Amino acid sequence: MENKDSSKGNFIRDIIDKDLLEGKNDGRVHTRFPPEPNGHLHIGHAKAILVNYSIAQDYNGKFNLRFDDTNPIKEDEEYVNAIINDIKWLGANWENRLFYASDYFDEMYDYAVQFIKIGKAFVDSQTAEEIRETRGTVTSPGVNSPFRDRSIEENLNLFEKMKNGEFADGTHVLRGKIDMQSSNMLMRDPLMYRIRHASHHRTGNKWCIYPMYDWAHGLEDSLEGITHSLCSLEFQAHRPLYDWFLIQLGVHKPQQIEFARLNLNYTVMSKRKLLQLVEEHLVNGWDDPRLPTLSGLRRRGFTPEAIQNFIYKVGVAKAHSIVDYALLEHSIREVLNKQTLRVMSVLNPLKVVITNYPVDQFEEIDAINNPEDPTAGTRKVPFSKELYIEREDFMEDPPKKFFRLAPGREVRFRYAYFITCNEVIKDKNGKVIELHCTYDPASKGGKSPDGRKVKATLHWISIAHAIDAEVRLYDRLITVPDTNNLEEGKTFMDFINPDALRILHNCKLEAHLAKAEPGYRCQFERLGYFCVDPDSTPQKPVFNRTVTLRDTWARMQKKS
RNA sequence: UGGGCCGUCGACAAGCGGUAAGUCACAUGGUUUUGGUCCAUGCAUUCAGGGGUUCGAAUCCUCUCGGCCCAACCA
């Protein structure tokens with residue numbers, strides 16, 4: 001992980017430093033990531049995972065993965081496998097500490113019985129509507145349930161019958177007995193158990209009552225010996241309740257600390273929106289490279305290291321924020337620039353004929369694999385009379401700052417020769433279909449023996465030696481920065497970028513790329529970083545563009 | 001509106017009473033056989049606003065303004 005430097009301050013580390021100084025928890029640090037297996041992980045989860053994990057690591061502590069599977073009707077095994085897979089890939093290591101809330105159902109039940117016995121919980125037989133109505137509002141107090149003063153014996157008896165399946169869903173709940181007047185809504189006799197005759201993906205039909213979040217979560221943390229329970233801001237109001245339950249029980253009480261979740265502009269992160277995109281087939285599944293899901297980013301070509309670096313750069317604080325997508329792009333370019341081999345690929349081919357080059361001649365040109373890494377060596381690239389260049393690299397009537405090929409202009413073909421454009425061939429419609437050029441044999445290797453300068457170096461590929469490929473170009477999913485702040489009557493669906501995916505066929509690649517395995521990453525010189533998609537085969541290679549290179553020329557064009 | 005939390009450069013974010021770090025973005029210049037990379041420089045006299053305490057305040061007190069969260073038998 002970039003920057004083992006744990007000196008980068010954040011308020012959570014300050015708290016932990018202080019705890020350690022005071023000798024709390026016998027000097028232990030133990031964190032956890034507790035996803036509910038009801039959806040797929042996205043870059044926002046990566047923050048939660050990585051702050052918990054990196055803190056455990058930096059303090060020589062432990063990190064647990066725990067599935068918070070307390071609601072069987074929303075959860076599924078499919079999600080647990082996907083989540084495990086994503087977290088492993090991300091690089092967080094829970095060693096042998098993979099747990100499930102459902103592992104603790106027996107203990108939670110026993111604690112609940114104990115809770116009833118100390119008079120802190122009661123069985124409420126009001127309907128859901130009655131409970132809602134008597135809870136009051138944020139500005140007005142609630143009123144006590146008529147069942148609040150049931151005897152301990154009656155509560156014990158009823159709760160056991162709840163467990164034994166003698167009641168229908170919704171007929172009874174177990175509630176903590178706190179204060180219906182509390183200014184904190186969560187303290188108004190919170191629900192601890194509800195009846196749910198539903199099969200659980202791990203416990204099957206053993207249970208028909210399931211614990212609610214507030215009762216379950218603190219106990220899970222406590223049972224696992226978690227010291228610092230790091231979660232997102234929306235749980236701040238839950239903390240008094242989290243503490244209250246554990247204090248009544250007299251068990252180990254971890255410290256809950258909340259931080260702001262990650263938001264990224266020009267995309268969507270909510271479970272609901274992601275699900276809608278997938279279900280309405282606006283994207284091709286959870287691993288669609290347009291999505292900010294971990295599986296999508298992986299398929300797009302992101303590396304775990306880039307995501308780790310990104311999360312590190314984002315930092316941890318309590319202020320709500322929306323991070324600029326450009327920071328994510330920078331993070332992936334930074335690692336790919338160092339690691340990735342360069343290759344010359346032409347996405348949008350324009351034929352070039354070198355008129356003074358012998359018809360059946362070809363030569364092997366030496367090309368550098370990675371200028372950032374001398375140990376990456378060189379390779380041979382075939383050069384011949386007929387080549388392709390990028391259509392965008394030629395303009396018949398170029399504007400002032402256009403340095404590339406134009407009639408009468410000389411440029412360098414990278415690693416090969418200086419080339420001059422002499423003639424432009426067009427079809428009946430006036431579309432340029434071919435360029436006739438000449439080369440300067442003295443400029444072999446792309447050098448100019450006479451000190452002649454050219455303003456551009458173009459990539460190219462020999463027609464006879466190139467392979468065809470499909471290339472998928474990606475752009476931002478959403479056209480506006482923040483879908484949580486839209487004008488009246490609009491939803492995020494109104495701002496989906498139709499050009500977020502552009503598929504190019506007949507792209508021309510260096511032949512050795514046919515053998516590249518899915519997941520292989522490289523740089524197409526001057527175009528960006530690309531990786532081989534799982535759809536790819538040696539007969540029909542498919543590449544995804546992870547991210548473009550920074551492009552000063554494109555920016556200049558956009559401005560004017 | 002009751003309660004809780006938050007407001008430091010365009011975006012993140014350090015800062016913890018001693019005179020505004022860093023990163024991204026942006027701009028300019030240099031290097032360059034990728035208009036990439038790299039290098040250099042610039043980019044908050046000011047910390048939501050007002051008042052107060054202090055020799056000294058982004059940091060402490062106070063009021064005001066703005067934003068977010070809480071009224072699922074979700075997590």
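Per chain, numbering begins at 1; letters A, B, ... match sequence-line order. Note that these values count all heavy atoms, side chains included, but never hydrogens, waters or copies made by symmetry. This is a predicted model, so every value here is computed, not measured.
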Please classify the glycosidic conformation of B:A72 as syn (within 90° of 0) or anti (everything else).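 You should classify B:A72 as syn.
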Using atom [atom1] in both nucleotides, what's the gap between [N] and [M] to the nearest angstrom?
| N | M | atom1 | answer |
| --- | --- | --- | --- |
| B:G15 | B:C6 | P | 15 Å |
| B:U23 | B:A14 | P | 15 Å |
| B:U54 | B:G17 | C1' | 9 Å |
| B:U41 | B:C5 | C1' | 40 Å |
| B:C16 | B:C61 | P | 16 Å |
| B:A21 | B:U46 | P | 15 Å |
| B:A75 | B:U8 | P | 34 Å |
| B:A57 | B:U19 | C1' | 10 Å |

Selection: residues 521-531 of chain A, any non-hydrogen atom under 4.0 Å of RNA chain B: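 Going residue by residue through residues 521-531 of chain A, the ones with a heavy atom under 4.0 Å of RNA chain B turn out to be A:Gln523, A:Glu525, A:Arg526.
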Using atom [atom1] of [X] as one end and atom [atom2] of [N] as the other, report the distance to the nearest whole Å.
| X | N | atom1 | atom2 | value |
| --- | --- | --- | --- | --- |
| A:Asn309 | B:A13 | CG | C1' | 17 Å |
| A:Ile15 | B:C16 | CD1 | C1' | 13 Å |
| A:Leu327 | B:A11 | CG | C1' | 8 Å |

Minimum-distance nucleotide to [X] side chain [options: [options]]:
| X | options | answer |
| --- | --- | --- |
| A:Arg555 | B:C24, B:C26, B:C16 | B:C26 |
| A:Lys318 | B:G35, B:C6, B:G2 | B:C6 |
| A:His330 | B:C6, B:U37, B:C24 | B:C24 |

Between A:His459 and B:U34, is there a side-chain N or O to OP1/OP2 distance below 4.0 Å?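 So the side-chain polar atoms of A:His459 never come under 4.0 Å of the phosphate oxygens OP1 or OP2 of B:U34.
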Would you say a side-chain N or O of A:Thr552 is under 4.0 Å from OP1 or OP2 of B:G36?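 Affirmative; the distance criterion is met.
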Do the side-chain N and O atoms of A:Ser229 and A:Arg32 include a donor-acceptor pair separated by under 3.5 angstrom?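 Yes, A:Arg32 and A:Ser229 have a side-chain donor paired with an acceptor closer than 3.5 Å.
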Using both distances under 3.5 Å as the test, list the Watson-Crick or G-U wobble partner of [N], or none.
| N | answer |
| --- | --- |
| B:G7 | B:C65 |
| B:U32 | none |
| B:C26 | B:G42 |
| B:A13 | none |
| B:U19 | none |

Hey, does the side-chain of A:Arg550 have a donor or acceptor N/O within less than 3.5 Å of a partner on the base of B:U37?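 Between B:U37 and A:Arg550, which were checked side chain against base, a qualifying N/O pair under 3.5 Å is absent.
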Per-nucleotide protein contact string for nucleotides 65-75 of chain B, where B marks a base within reach and S marks sugar-phosphate only (heavy atoms under 4.0 Å, - for neither): ---SSBBSBBB
Would you classify [X] as touching base, sugar-phosphate or nothing, given that sugar-phosphate means primed atoms plus P, OP1 and OP2, and contacts are heavy atoms under 4.0 Å?
| X | value |
| --- | --- |
| A:Pro371 | base |
| A:Arg412 | base |
| A:Leu458 | nothing |
| A:Tyr325 | nothing |
| A:Lys455 | nothing |
| A:Arg239 | nothing |

If the condition is salt bridge (charged side-chain N to carboxylate O under 4.0 Å, His left out), which residues does [X] pass it with, not counting sequence neighbours?
| X | value |
| --- | --- |
| A:Lys453 | none |
| A:Arg550 | none |
| A:Lys447 | none |

By side-chain contact (heavy atoms from CB on, under 4.5 Å), which residues pair with [X], not counting sequence neighbours?
| X | answer |
| --- | --- |
| A:Arg391 | A:Asn348, A:Leu350, A:Lys431, A:Val432 |
| A:Asn71 | A:Glu36, A:Ile73, A:Lys74, A:Glu75, A:Arg194, A:Arg196 |
| A:Thr420 | A:Glu410, A:Asn422, A:Thr438 |

In a check of salt bridge (Lys or Arg N to Asp or Glu O under 4.0 Å) between A:Asp393 and each of A:Arg409, A:Arg412, A:Arg526, A:Arg414, which one passes?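 Exactly one candidate clears the test, A:Arg526.
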Applying side-chain hydrogen bond (donor to acceptor under 3.5 Å, both in side chains), name anything that partners A:Asn484, two or more places apart in sequence or on another chain.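 In terms of side-chain hydrogen bond (donor to acceptor under 3.5 Å, both in side chains), with neighbours along the sequence ignored, A:Asn484 is linked to A:Lys273.
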Salt bridge or not between A:Asp366 and A:Lys380? Use side-chain N to carboxylate O under 4.0 Å.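 Here A:Asp366 pairs with A:Lys380 in a salt bridge, since their nearest N and O are under 4.0 Å apart.
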Indicate yes or no for a side-chain donor-acceptor contact from A:Ser232 to the backbone of A:Glu234 under 3.5 Å, with no hydrogens or angles considered.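 No.
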